[in-house]
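What's counted below: heavy atoms across the whole structure, side chains too, no hydrogens, waters or symmetry copies. Within every chain, numbering begins at 1; the chains are lettered A, B, ... in the order of the sequence lines, protein sequences first and strands thereafter.
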There are 2 protein chains.
Amino acid sequence: MSTAPTSTTGATSPGRGLPGAGRWHGVVPGDGAASAPGATAAEQVAAVLRALALEGGLRPGEQLSEQALGAALGVSRNTLREAFRTLGEEGLVEHQPHRGVFVRLLRADDLRDLWALREVLECGALERAAAGTPPPPEAVGAVRTARRRGEEAATAGDWRTVGTANMALHAALAALAGSPRTDAAVRRLLAEVRLAFSAAPDPRAVHEPWLPANALLAELVEEGRLAEAVPVLREYLRASGRSAVASPPTA
Amino acid sequence: MSTAPTSTTGATSPGRGLPGAGRWHGVVPGDGAASAPGATAAEQVAAVLRALALEGGLRPGEQLSEQALGAALGVSRNTLREAFRTLGEEGLVEHQPHRGVFVRLLRADDLRDLWALREVLECGALERAAAGTPPPPEAVGAVRTARRRGEEAATAGDWRTVGTANMALHAALAALAGSPRTDAAVRRLLAEVRLAFSAAPDPRAVHEPWLPANALLAELVEEGRLAEAVPVLREYLRASGRSAVASPPTA
DNA sequence: GACGCTGGCATTGTTCAACAACTCGCACAA
DNA sequence: TTGTGCGAGTTGTTGAACAATGCCAGCGTC
């Protein structure tokens with residue numbers, strides 16, 4: 001299991017310890033990974049690291065040294081620790097007491113678990129939305145926007161953005177239920193899903209196949225046919241899960 | 001540590017001081033809420049505060065002062081902050097930047113949301129358990145144990161423990177699916193549920209009515225009739241949710 | 001009297017330096 | 001080869017200090 005080549009650099013490697021350490025400096029100030037200006041430093045740091053992990057800037061299994069990262073990001077160890085705790089609850093990093101914080105490494109079992117729970121949560125949310133009062137226009141708009149963004153990015157060949165839009169679409173579908181706790185749970189799961197995809201060598205192969213299904217789902221939602229969207233989403237997730245498990249990210 | 005005035009802090013605060021502040025001292029040392037000895041201080045603090053919040057030791061809406069609490073618990077502000085972060089992710093406290101952390105206050109909408117998601121998650125987990133391979137004996141044993149504990153506590157008239165066992169039973173039911181992420185999500189939800197119940201004036205009225213349903217569920221599970229347990233659990237949760245919303249905790 | 005402003009004050013946010021506690025790799029000895 | 005102790009390095013925690021923010025009371029104005 002410890003086949004991870006990155007683990008060897010765990011202790012002290014002045015030159016090669018942290019891959020692309022210097023780049024963090026360029027990421028810190030006013031990075032595109034917008035974090036609210038009013039946010040605290042810990043939240044900003046968490047946002048930066050989240051973006052980094054989700055875009056493949058951090059290798060799964062890699063250890064995040066408090067001292068090195070704190071220096072690179074220009075924050076104190078205490079602030080960095082608060083950010084770590086936030087990311088830990090999101091499932092992006094793993095905290096091992098007295099050992100350190102490691103970028104989460106997802107295995108086949110994790111992927112199965114992830115997709116199984118997604119099916120329960122997302123389909124459950126959509127079912128609730130279908131059973132209750134029609135969702136507000138903004139919620140439907142979010143679905144439409146996510147679909148459009150994904151298709152535009154696909155046209156532009158920006159497959160990583162397609163992946164982002166894809167996650168946004170699923171979040172928007174779940175948000176139709178109008179349940180803040182469902183939203184939070186789905187957000188957590190999708191963060192892990194993105195982490196799993198972040199290491200994919202060919203983003204296009206990962207994201208492109210689902211564009212037609214996304215379009216169908218968005219159209220059903222826009223037409224208010226939520227009940228019909230539920231089985232579509234369920235089949236979608238099952239196929240997607242099989243695909244993800246078949247091509248494990250940590251080949 | 002012995003510095004427990006807590007009155008000085010409220011010097012300029014004519015409105016509301018910290019209700020029951022002095023009681024913290026009695027709970028801190030070797031409290032029943034056992035936290036693993038190997039755990040870090042931050043985790044121990046989180047465990048103490050969690051137990052306090054769940055047993056009504058902290059009033060919903062109450063502000064948790066870093067300085068006062070840190071002094072009372074004998075830890076530094078930084079450590080306390082880490083514990084706050086943990087509890088915040090569990091939904092037990094709410095962190096408002098530059099204002100402080102407050103014990104979570106659950107409103108009627110929160111209760112509706114909570115129970116709706118419980119239905120999706122718990123029933124979804126049970127359905128999955130029914131569809132897959134039979135759960136391991138330990139998982140079934142956990143259900144049996146939780147049921148027994150609840151009934152014993154009821155006989156003894158210890159209704160707060162009945163509530164705890166009740167939550168454990170629901171967690172055990174969801175755990176039959178064998179999904180770590182489902183377990184984590186359910187644990188989070190149940191923590192909030194316990195928080196909602198913590199302020200109940202009459203624990204018996206809250207917990208006693210569900211003992212028969214618990215027994216039925218446990219028996220179905222022990223006999224391997226998981227599929228039959230699903231609708232039972234669903235009706236259970238709907239009735240329980242109606243009851244909880246009908247008698248809001250912050251009457 | 002009601003409203004808006006401007007202070008002071010308490011609390012939170014963050015940093016820093018230091019020490020304690022722990023893990024891990026490595027040399028050494030049986 | 002195996003076990004053990006040592007030492008370096010990391011994480012855990014503290015305490016103090018300062019900055020930034022929010023709250024509240026007092027004041028003046030309308």
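No donor-acceptor pair under 3.5 Å is formed between the side chain of B:Asp183 and the backbone N or O of B:Gly178. Distance alone, capped at 3.5 Å, is enough to place a donor-acceptor pair between the A:Thr145 side chain and the A:Gly141 backbone. Listed for the B:Glu62 side chain is a donor-acceptor partner under 3.5 Å among the backbone atoms of B:Arg59. Panel note: side chain B:Glu55, backbone B:Arg160; no donor-acceptor pair is recorded below 3.5 Å. Put simply, the side chain of B:Asn166 never gets that close to the backbone of B:His207: no donor and acceptor are under 3.5 Å apart.
Rounded to whole angstrom, the span from the CZ atom of A:Arg99 across to the P atom of D:dG12 amounts to 11 Å. Following rounding to the nearest Å, B:Phe84 (CZ) and C:dT11 (C1') show an atom-to-atom distance of 12 Å. When the C1' atom of D:dT10 is taken as reference, atom CG of A:Leu64 falls 14 Å away, rounded to whole Å. Spacing between atom CD of B:Gln96 and atom C1' of C:dG13 amounts to 15 Å, rounded to whole angstrom units. Separating the CD atom of B:Glu94 from the P atom of C:dT12 is a distance of 15 Å, rounded to the nearest angstrom.
Using a 3.5 Å distance cut-off with no hydrogens or angles, the side chains of A:Arg85 and B:Thr86 do pair a donor with an acceptor. Judged purely by distance below 3.5 Å, without hydrogens or angles, the side chains of A:Thr182 and A:Arg128 pair a donor atom with an acceptor atom.
An angle of 20°, rounded to 10°, separates the two end axes of the helix from C:dG1-D:dC30 to C:dA30-D:dT1, each defined over five pairs.
Between A:Glu90 and A:Arg188 there is no salt bridge, since no side-chain nitrogen of the basic residue lies less than 4.0 Å from a carboxylate oxygen of the acidic one.
Between B:Gln63 and the phosphate of C:dT12, there is a side-chain N or O to OP1/OP2 separation shorter than 4.0 Å. When the side-chain nitrogen and oxygen atoms of A:His98 are compared with OP1 and OP2 of D:dG9, none of them lie within a distance under 4.0 Å.
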Legend entry - nucleotides 13-19 of chain D: protein proximity per nucleotide (B base, S sugar-phosphate only, - neither; heavy atom, under 4.0 Å): BBB-B--

